[in-house]
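What follows is one structure encoded as structure tokens, with my remarks underneath.
Atoms considered below: every heavy atom in the structure, side chains included; atoms not considered: hydrogens, waters and symmetry mates.
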Amino acid sequence: MEPLTVAMPKGRLLEPAADLFRRLGWPCDLGNGSRQLLVTEKNESGDGSVEGALRFLLAKPGDVPVYVEYGAADLGIVGQDVLWESSCDVYEPLQLGFGRCRLVLAGPP
């Protein structure tokens, strides 16, 4: 069986997204300084048997919705702003609650 492919954004959202998978029990070692763009992680249970695998595709944030839309990735994690601006035909199942930002407007008094 093929591993599930997850497109992950390089940059600011990579560490919180990897931490999400770590909390779910996956040894998600993506921010290790390696230049790999495709990382396969196996989830081993306590008895040593392999329960499954995930393949992480590290991409620029703007490319994540495109990879999902065209089937190169089964799912992706990306900011909602990137998702809206891409106008890709993908489904947004939920908000993960990290990566929030705020808009600050500055001008003369």
Side-chain angles (χ1 to χ4, degrees):
M1 184 163 123
E2 281 290 311
L4 188 70
T5 302
V6 182
M8 302 270 276
K10 292 189 283 185
R12 200 168 76 87
L13 291 180
L14 179 60
E15 190 52 40
D19 190 50
L20 173 69
F21 284 97
R22 285 185 205 111
R23 288 192 316 255
L24 294 172
W26 291 91
C28 193
D29 188 26
L30 301 177
N32 59 5
S34 171
R35 296 183 52 89
Q36 283 183 289
L37 298 178
L38 195 58
V39 179
T40 302
E41 298 278 356
K42 292 183 179 4
N43 190 9
E44 295 184 11
S45 65
D47 61 1
S49 63
V50 177
E51 295 177 356
L54 285 178
R55 180 181 302 140
F56 294 102
L57 174 63
L58 304 179
K60 294 187 298 187
D63 292 340
V64 170
V66 177
Y67 286 139
V68 173
E69 182 179 34
Y70 286 100
D74 300 307
L75 61 104
I77 294 177
V78 72
Q80 195 172 37
D81 58 334
V82 173
L83 188 60
W84 289 347
E85 291 169 4
S86 73
S87 63
C88 289
D89 187 23
V90 294
Y91 179 66
E92 179 189 350
L94 64 123
Q95 294 180 7
L96 298 175
F98 57 81
R100 286 184 164 75
C101 64
R102 63 180 188 180
L103 176 65
V104 177
L105 184 62

Inset, instruction - Indicate, with yes or no, if Leu96 and Leu4 share a hydrophobic cluster defined by side-chain heavy-atom contacts under 4.5 Å among Ile, Leu, Val, Met, Phe, Trp and Tyr. - result: yes
Inset, instruction - List in chain and number order the residues that pass side-chain hydrogen bond (donor to acceptor under 3.5 Å, both in side chains) with Gln80, two or more places apart in sequence or in another chain; answer none if no residue qualifies. - result: Glu92
Legend entry - Exercise: identify the closest heavy-atom pair between Pro61 and Val78: O-CG2, 3.4 Å
Legend entry - Minimal non-hydrogen separation, Pro16 against Phe98, with atom names: CB-CD1, 3.4 Å
Legend entry - same_hphob_cluster(Leu54, Val68) at 4.5 Å side-chain heavy-atom cutoff: no
Inset, instruction - Among residues two or more places apart or on two chains, list those pairs meeting salt bridge (Lys or Arg N to Asp or Glu O under 4.0 Å) that have a residue in residues 60-77. - result: none
Legend entry - Atom pair CE/CG of Met8 and Leu75 - distance to nearest 0.5 Å: 9.5 Å
Could you list the donor-acceptor pairs under 3.5 angstrom formed by side chains in residues 81-88, with sequence neighbours left out?
unit_1 : atom_1 : unit_2 : atom_2 : d
Ser86  : OG     : Leu83  : O      : 2.9
Ser86  : OG     : Cys88  : N      : 3.3

Legend entry - Listed partners of Arg23 passing side-chain hydrogen bond (donor to acceptor under 3.5 Å, both in side chains), at least two apart: Asp19
Inset, instruction - Please answer: with hydrophobic residues joined when any side-chain heavy atoms are less than 4.5 Å apart, are Val6 and Tyr91 in the same cluster? - result: no
Inset, instruction - Give, for atom CG of Leu37 and atom CZ of Phe56, the distance between the pair rounded to the nearest 0.5 Å. - result: 14.5 Å
Inset, instruction - Please name all residues satisfying salt bridge (charged side-chain N to carboxylate O under 4.0 Å, His left out) with Arg12, sequence neighbours left out, ordered by chain then number. - result: none
Legend entry - Co-members of Tyr70 in a cluster of I, L, V, M, F, W and Y side chains, linked at under 4.5 Å: Val66
Legend entry - Other residues, nucleotides, ligands: >12 heavy atoms within 6.0 Å of Leu105 CG: no
Inset, instruction - Decide whether Leu13 and Val39 are clustered together by the hydrophobic rule: side chain heavy atoms of Ile, Leu, Val, Met, Phe, Trp, Tyr closer than 4.5 Å, transitively. - result: yes
Inset, instruction - Over all heavy atoms of both residues, which pair between Tyr67 and Ala59 is shortest? Give the atoms and the distance, please. - result: CE1-CB, 3.4 Å
Inset, instruction - Would you indicate whether the side-chain heavy atoms of Phe21 and Ile77 approach each other to under 4.5 Å? - result: yes
